[in-house]
Amino acid sequence: MPPEATAPVADHAVEGLDALDAPPEQPRRRKGLVRSVLAPIGALVVFVVAWQALWAAAIWPEYQLPAPIAVWEQVWKVTQTGQVWEFLWVSVHRAIIGFLISVAVATPLGLLLAKVAIVRAAIGPVISGLQSLPSVAWVPAAVLWFGTTDAAIYTVVLLGAVPSIANGLVAGIDQIPPILPRVGKVLGAGRVDAARYILLPAALPGYLAGLKQGWAFSWRSLMAAELIATSPQLGFGLGQYLHNGMSLSDMSMVMAGILLIFLVGVGIELLLFRPLERAVLRARGLSGSL
């Protein structure tokens with residue numbers, strides 16, 4: 001058979017293999033929409049319906065389990081008066097500043113732990129122990145050290161976030177193939193250039209996981225600090241709002257505060273960390289795991 005006759009068959013076979021490797025874009029987008037939008041909405045609806053059913057069954061008294069509409073009325077009340085923006089500004093800007101300081105401290109610390117054996121042996125167990133220590137345990141000490149000031153709040157946030165970020169970076173560096181740092185050394189990269197151009201990019205998935213956990217710890221630590229260290233000089237944040245609900249024995253106010261805290265955490269995850277994670281995984285050809 002002439003070679004010309006076999007060419008179309010070969011081309012068709014290649015196209016078929018490409019089609020297997022690259023599924024149609026439309027079904028994938030539709031599936032992604034269902035997974036990222038409709039599934040959470042459906043879960044929320046189920047949760048609210050179950051909550052309403054439990055409230056209607058009157059298993060617990062009203063002061064322990066308010067109706068969903070009562071909680072929504074509390075959220076609407078602080079939104080109408082504009083107070084919610086004050087709560088969010090006071091808490092979120094503190095959490096972001098504390099998180100950024102934590103990143104600035106934890107990144108060089110993680111590099112030292114990963115690459116300097118004596119440092120890892122000396123303080124590695126301490127960092128891991130701090131990660132497992134509840135952040136709320138630091139609030140009384142921070143208040144005694146700095147009083148009810150912003151310095152006490154940021155101390156609690158840093159002690160909560162730094163160990164998670166540092167350990168995430170160490171885990172990421174530990175998983176780097178040894179050939180990469182060797183190649184960098186052969187090409188003349190110094191310690192700073194090796195960290196900037198080799199270690200951090202190669203360890204990015206583990207580092208990003210540490211950043212996500214560090215943000216979660218920052219947010220939790222901040223709420224714990226605001227709940228306990230209440231003072232007019234600290235402003236009125238979400239933690240103070242939650243504390244006031246507890247002081248007034250107003251469960252709908254407490255639930256509204258919990259809802260607002262939850263929405264901030266989910267919002268940061270969806271708007272910042274989820275896109276970053278997708279970009280990193282796609283850059284490494286792992287988009288199928290998203």
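Positions are given from 1 along the sequence.
A distance of 8.0 Å separates OG1 of T81 from NZ of K77, quoted to the nearest 0.5 Å. Interatomic distance, E269 CD to L271 CG, rounded to the nearest 0.5 Å: 9.5 Å. Between L222 atom CG and I97 atom CD1 the span is 10.5 Å, to the nearest 0.5 Å. Rounding to the nearest 0.5 Å places CE of M251 at 11.0 Å from CH2 of W60. The distance from the CE atom of M255 to the CZ atom of F262 is 11.5 Å, given to the nearest 0.5 Å. I268 CD1 to L263 CG: the interatomic distance, rounded to the nearest 0.5 Å, is 11.5 Å.
In terms of heavy-atom proximity, V103 sits nearest to T107 at O-OG1, 2.8 Å. In terms of heavy atoms, G245 sits closest to V254 at C-CG2, 3.5 Å. Heavy-atom minimum distance, P66 versus A70: CB-CB, 4.3 Å. Minimum heavy-atom separation, I153 to A225: CD1-CB, 3.6 Å. Nearest approach of P163 to L158, heavy atoms of both residues: CD-O, 4.0 Å.
The local environment of CH2 in W72 is sparse, with at most 12 non-hydrogen atoms from other residues, nucleotides or ligands closer than 6.0 Å. More than 12 heavy atoms of other residues, nucleotides or ligands lie within 6.0 Å of CD1 in I59, so this atom counts as buried by the packing criterion.
Although no hydrogens or angles enter the test, the distance criterion places no donor-acceptor pair under 3.5 Å between the side chain of S91 and the main chain of L88. Between the side chain of Q83 and the backbone N or O of V78 there is no donor-acceptor pair closer than 3.5 Å. Distance alone, capped at 3.5 Å, is enough to place a donor-acceptor pair between the W219 side chain and the I261 backbone. The backbone N or O of V157 sits nowhere less than 3.5 Å from a side-chain atom of S218 that would complete a donor-acceptor pair.
Ring orientation note: the planes of F273 and W215 are tilted relative to one another, at an angle of 30° to 60°.
Among residues two or more places apart in sequence or in another chain, the side-chain hydrogen bond (donor to acceptor under 3.5 Å, both in side chains) test is passed with T148 by none. When the side-chain hydrogen bond (donor to acceptor under 3.5 Å, both in side chains) test is applied to S135, the partners found at least two apart in sequence or on another chain are S221. Applying the side-chain contact (heavy atoms from CB on, under 4.5 Å) test to A256 and every residue at least two apart in sequence or in another chain returns V71, Q74, V75, Y241. Under the side-chain contact (heavy atoms from CB on, under 4.5 Å) criterion, E73 pairs with I69, sequence neighbours left out. S164 pairs by the side-chain contact (heavy atoms from CB on, under 4.5 Å) definition with Q131, Q213, F217, not counting sequence neighbours.
Side-chain contact between I173 and L113 is absent, with no heavy atoms from C-beta onward closer than 4.5 Å. Side-chain contact check for W138 versus L130: some heavy-atom pair is nearer than 4.5 Å. Here the side chains of L270 and V266 are in contact, with some heavy-atom distance below 4.5 Å. Between W85 and W89, every side-chain heavy-atom pair lies at or beyond the 4.5 Å cut-off. The shortest side-chain heavy-atom distance between V143 and T149 does not fall under the 4.5 Å cut-off. With contacts defined as side-chain heavy-atom distances shorter than 4.5 Å, the pair E277/K212 qualifies.
Hydrophobic clustering of Ile, Leu, Val, Met, Phe, Trp and Tyr side chains at less than 4.5 Å, counting indirect connections, unites L169 with L276. Placement of Y63 and L54 in two distinct hydrophobic clusters is found when ILVMFWY residues are connected by side-chain heavy-atom separations under 4.5 Å, directly or transitively. Cluster membership check: V119 shares its hydrophobic cluster with V170, using side-chain heavy-atom separations under 4.5 Å among Ile, Leu, Val, Met, Phe, Trp and Tyr. Hydrophobic clustering (side-chain heavy atoms under 4.5 Å, transitive across Ile, Leu, Val, Met, Phe, Trp, Tyr) keeps Y154 apart from L144. Tracing side-chain contacts under 4.5 Å through hydrophobic residues (I, L, V, M, F, W, Y), one never reaches V90 starting from L100; they form parts of separate clusters.
Residue pairs that meet the side chain to side chain donor-acceptor pair (under 3.5 Å) test with at least one member in residues 97-106, sequence neighbours left out, do not exist here.
With respect to the salt-bridge test (charged N to carboxylate O, under 4.0 angstrom), the residues R120 and D174 qualify.
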Practice prompt. Using the side chain to side chain contact (heavy atoms under 4.5 Å, CB included) rule, take H243 and E226 through it: C-alpha gap first, then chi angles, then the decisive distance, then the call.
Written response: CA-CA 8 Å; H243 182 273; E226 286 188 353; over 6 Å; no
